[in-house]
Undergrad: 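One structure, pasted below without further comment.
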Amino acid sequence: MEEQEIINFIYNVLEAKFAGLNEREIEELVKTAQEYITEYPHLAQIAKDKTISERKTMEMQRKYENSSLCATCGGRCCKNIGCNYLTTDIPSLKEEDILKLLKTNRTSIISDIAIIPQEKNYKVTLLLSARNSHRQIIDLVSVGTPCASLGPNGCKLNFKNRPGEGRHLIPGKYFLCNSDLNIDDEINKWCIYQEILKRMVTKYTNRTLEEELSLEMENFFYDVLCENFYNATFESRLNALTQAEGLIPYFKEEYQKAEERYLAKNNNLRLLNRRKI
Ligand code: SF4
Ligand code: SF4
């Protein structure tokens, strides 16, 4: 048997997937599984971890999922922006695992930009997120658009394959939905994966992170000035305006370039939200 088959075999026995078998056949299966567990403890561990993680997911699903509330709401959270992955969502976070996820066309590398006013600086953390509509694999700064995985009947991903941020959202009445995650802590956990993610930004764009961030920031300002909001919700548009306002002092050159492009295109001084920088 191949390693994966042994893992699946042990897993099925641990989960008591014995439908249609008689007692003697079950005894045989259990005996064989015990032999495998003794002979291949590392594979047995993977099977046990899988069991624990599946049970945890089922528990979460029972606790958090509320299809009727979300159906009434129509997926307001997912219409604003895709949810983020947690580092624990991806088996080993090796380069090949991340690439596999990116190739599904449902995932993007995004950035969290934390402003540190007292240092007049900012900190960029790269992380993975559900892809937004009209967006690419690398989507460091953009106006939030509805998640590309949102279908007419809600999330197209089954509960256990959803990014952790979405799984941890607890639907509430009157859309007072809550999360039991500390988002800042979860973003900080991505710090150790920055080098891998930076390499991927360069792989997909042929630019360094700094070059790509600068270009996307300029495009973001330009989109806000031109009101290129694609299919963004009203809430997302407001967020984009507030976000742009906060970022201009830290990305003055990018804003100037965006403004010049806007003026060249419109050939007048009818600047929306003209800023003093
Ligand atoms: S979690 Fe809340 S905002 Fe999101 S779809 Fe459900 S009820 Fe709506
Ligand atoms: S992945 Fe699913 S839960 Fe997360 S934002 Fe997209 S549609 Fe919503």
Side-chain angles (χ1 to χ4, degrees), residues 53-54 56-91 93 97-113 125-187 189-190 193 197 200 204 220 229-240 242-243:
S53 130
E54 301 258 318
K56 218 170 142 196
T57 306
M58 277 162 64
E59 233 171 76
M60 279 179 72
Q61 188 164 6
R62 270 199 295 271
K63 189 171 159 198
Y64 296 149
E65 205 176 41
N66 189 330
S67 315
S68 62
L69 259 186
C70 293
T72 317
C73 153
R76 189 174 136 198
C77 51
C78 316
K79 280 180 187 162
N80 285 337
I81 199 158
C83 54
N84 294 341
Y85 282 92
L86 309 180
T87 49
T88 44
D89 289 337
I90 300 136
L93 275 169
D97 284 332
I98 299 176
L99 279 174
K100 222 189 271 174
L101 204 58
L102 292 175
K103 280 182 188 156
T104 60
N105 283 336
R106 291 192 182 279
T107 311
S108 290
I109 296 181
I110 62 156
S111 75
D112 173 79
I113 303 177
T125 309
L126 301 174
L127 62 149
L128 297 179
S129 163
R131 177 97 42 98
N132 294 324
S133 48
H134 303 286
R135 302 295 178 220
Q136 308 296 322
I137 287 188
I138 307 300
D139 182 21
L140 304 183
V141 203
S142 62
V143 178
T145 51
C147 177
S149 294
L150 179 64
N153 301 318
C155 184
K156 291 180 195 162
L157 305 172
N158 65 32
F159 190 82
K160 72 174 185 177
N161 290 332
R162 269 174 221 169
E165 194 186 18
R167 290 199 316 272
H168 281 264
L169 194 59
I170 308 163
K173 277 189 185 162
Y174 314 114
F175 315 128
L176 295 172
C177 310
N178 233 319
S179 173
D180 64 353
L181 290 176
N182 179 321
I183 299 298
D184 289 341
D185 284 353
E186 294 306 324
I187 289 173
K189 289 181 191 163
W190 284 97
Y193 302 105
L197 294 172
M200 293 199 182
Y204 282 105
F220 170 65
F229 289 135
Y230 307 94
N231 53 347
T233 59
F234 180 68
E235 206 173 326
S236 261
R237 292 169 192 218
L238 282 184
N239 283 343
T242 317
Q243 217 185 342

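Start at 1 and go down the list; that is how both ligands and their atoms are numbered.
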Undergrad: Which atoms of ligand 1 sit under 4.0 Å from any heavy atom of C77?
TA: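 Taking each heavy atom of C77 in turn, ligand 1 has 1 (S), 3 (S), 4 (Fe), 5 (S) under 4.0 Å.
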Undergrad: Hey, are N239 and T242 close enough side-chain-wise for a donor-acceptor pair under 3.5 Å?
TA: no
Undergrad: Please examine the side chains of Q136 and I138, heavy atoms only from C-beta on, and report whether any two atoms are closer than 4.5 Å.
TA: no
Undergrad: Using 0.5 Å steps for rounding, measure from the CG atom of N84 to the OG1 atom of T107.
TA: 11.5 Å
Undergrad: List nothing but the number: protein N/O/S atoms under 2.8 Å from atom 2 (Fe) of ligand 2.
TA: 1
Undergrad: Do K156 and R106 come within less than 4.5 Å of each other through their side chains, counting heavy atoms only?
TA: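 In short, these two side chains touch, coming nearer than 4.5 Å.
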Undergrad: Show me which atoms of ligand 1 lie under 4.0 Å from any heavy atom of C73.
TA: 3 (S), 5 (S), 7 (S), 8 (Fe)
Undergrad: If hydrogens are left out, which of C177, S179, G75 has an atom nearest to atom 2 (Fe) of ligand 1, that is, the closest non-hydrogen atom?
TA: C177
Undergrad: Where is the tightest heavy-atom contact between P163 and L157, given as atom of each residue plus distance?
TA: CD-CD1, 4.1 Å
Undergrad: Against heavy atoms of L169, which atoms of ligand 1 measure under 4.0 Å?
TA: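 Reading through ligand 1 atom by atom, the close ones are 1 (S).
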Undergrad: Contact between R162 and D89 at the side-chain level, heavy atoms closer than 4.5 Å - yes or no?
TA: no
Undergrad: Distance from I183 atom CD1 to D112 atom CG, nearest 0.5 Å?
TA: 10.0 Å
Undergrad: What is the distance from atom CD1 of I81 to atom CG of N132, rounded to the nearest 0.5 Å?
TA: 5.0 Å
